[in-house]
Novice: 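This structure is in structure tokens; I'll ask about it shortly.
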Amino acid sequence: MNNENPFWALISTFGLMALFAVGGAAAAVPEMHRIAVDVHHWMTDKQFADAYAIAQLSPGPNVLIVTLIGYAVAGIPGALAATLAMCLPTALVAYYVSRLLNRPSQSRWPALIQAALVPLSIGLMAASALILAQSTDRTIAAVLLTAVVAVVASISRINPLWLLLAGGLLGFAGIV
């Protein structure tokens, strides 16, 4: 880890990331992974994947991954700092943009911007899935499980929590 104060590193990292996390915290997972694992060495690949799984299983918003990273770095103050740094800037931007978009206007720009953000968000979420698969799929069984779950999730209406639970049970049993 570098000599930078981890508390302030969390605030600056997630404060800046919040402004570029189009589509929410889930879309920023590849960058979170890069910063937490590769740049600052706050976590290992496995710890990051575990934190991501806990964040997905837990009720509430996907931003919980940020809270767990902050907690791993600086305990409860780190969790609070990282969460506020990730949420506050975007909340303020969303508030002011929504006020701007709700004004009566004949401009086509708001609709064009919203339409352009959809594929961008989908691409960022796909990148998140790829980063997590690369960091956790270390065996053929894990790669096959990931592929099967991706297919089942895309063609069925099964709640993803059941798939996550099944994967967790297979991992607990030592199969993957």
Side-chain angles (χ1 to χ4, degrees), residues 1 6 9-10 13-14 16-76 78-83 85-87 90 114-176:
M1 192 181 317
L10 285 168
T13 296
F14 289 113
L16 183 61
M17 190 181 303
L19 298 175
F20 296 102
V22 177
V29 169
E31 183 63 7
M32 284 182 214
H33 177 272
R34 187 184 75 78
I35 288 172
V37 175
D38 299 331
V39 174
H40 290 291
H41 308 289
W42 289 331
M43 309 173 100
T44 64
D45 271 334
K46 182 172 179 358
Q47 289 170 324
F48 185 88
D50 290 346
Y52 182 80
I54 291 168
Q56 292 303 301
L57 273 174
S58 301
N62 286 338
V63 77
L64 183 58
I65 182 72
V66 172
T67 306
L68 294 173
I69 293 170
Y71 183 79
V73 173
I76 292 175
L80 291 171
T83 304
M86 188 72 178
C87 295
T90 53
Q114 288 174 329
L117 289 176
V118 171
L120 178 64
S121 296
I122 291 170
L124 288 170
M125 285 188 258
S128 299
L130 179 62
I131 292 288
L132 289 169
Q134 288 174 335
S135 67
T136 57
D137 291 348
R138 301 286 184 210
T139 65
I140 296 294
V143 171
L144 290 173
L145 178 63
T146 300
V148 167
V149 167
V151 169
V152 169
S154 66
I155 64 172
S156 75
R157 297 182 55 92
I158 294 174
N159 188 321
L161 289 178
W162 291 114
L163 299 172
L164 197 55
L165 177 63
L169 290 173
L170 290 172
F172 184 71
I175 297 171
V176 289

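Because the structure is predicted, anything quoted here is derived from the model rather than measured.
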Novice: First locate atom CE of Met43, then atom CG of Leu68, and finally report the distance between them rounded to the nearest 0.5 Å.
Specialist: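 Answer rounded to 0.5 Å: 7.0 Å.
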Novice: Quick one, Arg138 and Asp45 - any side-chain contact, counting heavy atoms below 4.5 Å?
Specialist: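 Sidechains of Asp45 and Arg138: in contact.
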Novice: Please report the closest heavy-atom contact between Leu132 and Ser135, naming both atoms and the distance.
Specialist: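 Here Leu132 and Ser135 meet closest at O-OG, 3.1 Å.
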Novice: Side-chain contact test, heavy atoms from C-beta onward, threshold under 4.5 Å: evaluate it for Val73 versus His40 and give yes or no.
Specialist: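 Result no, sub-4.5 Å side-chain heavy-atom pair not found.
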Novice: Around atom CD1 of Ile155, are there more than 12 heavy atoms of other residues, nucleotides or ligands at under 6.0 Å?
Specialist: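 It does: Ile155 CD1 has more than 12 such atoms within range.
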Novice: Which heavy atom of Ile65 sits nearest a heavy atom of Phe48, and at what distance?
Specialist: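 Minimum heavy-atom contact is CD1-O, 4.3 Å.
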Novice: What are the two closest heavy atoms between Pro30 and Ala127, and how far apart are they?
Specialist: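 Scanning both residues completely, I find the closest heavy atoms to be CG-C, 3.6 Å.
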Novice: Report the distance from atom OH of Tyr52 to atom CG of Leu64, rounding to the nearest 0.5 Å.
Specialist: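 If I round to the nearest 0.5 Å, the distance is 11.5 Å.
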Novice: Considering only distance and modelled atom types, tabulate donor-acceptor pairs under 3.5 Å from the side chains of residues 157-175, sequence neighbours left out.
Specialist:
| unit_1 | atom_1 | unit_2 | atom_2 | d |
| --- | --- | --- | --- | --- |
| Asn159 | OD1 | Leu161 | N | 2.9 |

Novice: So, do Met86 and Met32 sit near enough that their side-chain heavy atoms are less than 4.5 Å apart?
Specialist: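 The answer is yes; the side chains approach within 4.5 Å.
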Novice: Report the residues that fulfil side chain to side chain donor-acceptor pair (under 3.5 Å) with Thr83, sequence neighbours left out, ordered by chain and then residue number.
Specialist: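 Listed in chain order: Thr67.
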Novice: Show every donor-acceptor pair shorter than 3.5 Å between a side-chain atom in residues 144-153 and any protein atom, with sequence neighbours excluded, or say none if there are none.
Specialist:
| unit_1 | atom_1 | unit_2 | atom_2 | d |
| --- | --- | --- | --- | --- |
| Thr146 | OG1 | Asp137 | OD1 | 2.9 |
| Thr146 | OG1 | Asp137 | OD2 | 2.7 |
| Thr146 | OG1 | Ala142 | O | 2.9 |

Novice: What's the shortest heavy-atom distance between Gly70 and Ala82, and which atoms?
Specialist: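 Here Gly70 and Ala82 meet closest at CA-CB, 3.9 Å.
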Novice: Closer than 3.5 angstrom, by distance alone: can the side chain of Gln47 be matched with the main-chain N or O of Thr44 as a donor-acceptor pair?
Specialist: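 Indeed, once roles are kept as given, a pair shorter than 3.5 Å links the two residues.
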Novice: May I ask you to test the Ile35-Met17 pair for a side-chain heavy-atom distance under 4.5 Å?
Specialist: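 Yes - at least one pair of side-chain heavy atoms lies under 4.5 Å apart.
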